[in-house]
Amino acid sequence: MIKMERTYGCFSANVLAEGKQIGTMEGIYLTQWFVKNKYRFTGSFNRYLTNEPKYYQPGVTVDVVLPEKQIIVKNVFIEWIRESSGSGTFNAERIESYI
């Protein structure tokens, strides 16, 4: 059974790797799914900006902080990034809230 539980949107978010900020993502859209008795998180972004080239490629894992929603999206695996615009999609392991 597949059930869409929640969706989150955020204009701008901070991207973290190894505990330090490496860039920003703009136009984030995150969906929480319930599939086969576990939660799954998928999403997309309109622009990914970073100064570190090793994190600007598909296949990297980062954390994304959505300050407007007070949510940290943990272990975000970037599936693909369009070179010209910086848009792309991702999967995440879990989400956590912070105050």
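- Side-chain N or O atoms of Thr89 include none that pairs as donor or acceptor with a backbone N or O of Glu79 at under 3.5 Å.
- To the nearest 0.5 angstrom, Ser12 atom OG is 13.0 Å from Phe45 atom CZ.
- Smallest separation of non-hydrogen atoms from Ile81 and Pro58: N-CG, 4.1 Å.
- At least one side-chain heavy atom of Leu66 sits under 4.5 Å from a side-chain heavy atom of Ile28.
- With a 4.5 Å cut-off on side-chain heavy atoms, Tyr55 and Ile78 do not count as touching.
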- [ ] Could you go through the side-chain contact (heavy atoms from CB on, under 4.5 Å) check for Tyr8 and Gln32 one step at a time?
- [x] CA-CA 8 Å; Tyr8 303 95; Gln32 176 180 327; 4.0 Å; yes
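- Residues forming a side chain to side chain donor-acceptor pair (under 3.5 Å) with Glu83 (at least two apart in sequence, or on another chain): none.
- Nearest approach of Val62 to Ile22, heavy atoms of both residues: CG1-CD1, 4.1 Å.
- A 6.0 Å sphere centred on CD of Glu96 holds more than 12 heavy atoms belonging to other residues, nucleotides or ligands.
- Residues passing the side chain to side chain donor-acceptor pair (under 3.5 Å) test with Thr24: none are found, sequence neighbours excluded.
- Partners of Glu68 under the side chain to side chain contact (heavy atoms under 4.5 Å, CB included) rule, at least two apart in sequence or in another chain, are Cys10, Phe11.
- Of the inter-residue distances, the one linking Thr7 atom OG1 with Leu30 atom CG reads 8.5 Å to the nearest 0.5 angstrom.
- A pairwise comparison of heavy atoms in Val65 and Ala13 identifies O-CB, 3.1 Å as the closest pair.
- Within the 4.5 Å cutoff, the side chain of Arg82 has heavy atoms near those of the Ser87 side chain.
- The residue from Lys74, Arg94, Lys20 that alone fulfils the salt bridge (charged side-chain N to carboxylate O under 4.0 Å, His left out) condition with Asp63 is Lys74.
- The aromatic rings of Phe41 and Tyr39 sit parallel to each other, their planes meeting at less than 30°, with 60° as the upper class boundary.
- Leu49 places a side-chain heavy atom less than 4.5 Å from the side chain of Glu26.
- Tyr29 has its side chain out of reach of Asn46: every pair of non-hydrogen atoms, C-beta onward, lies at least 4.5 Å apart.
- If you take CD on Glu18 and OG1 on Thr61, they are separated by 11.0 Å, rounding to the nearest 0.5 Å.
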Task: Residue pair Lys54, Val60: steps toward the side-chain contact (heavy atoms from CB on, under 4.5 Å) verdict - done: CA-CA 8 Å; Lys54 71 177 185 176; Val60 298; over 6 Å; no
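- Smallest separation of non-hydrogen atoms from Gln21 and Asn14: NE2-OD1, 3.4 Å.
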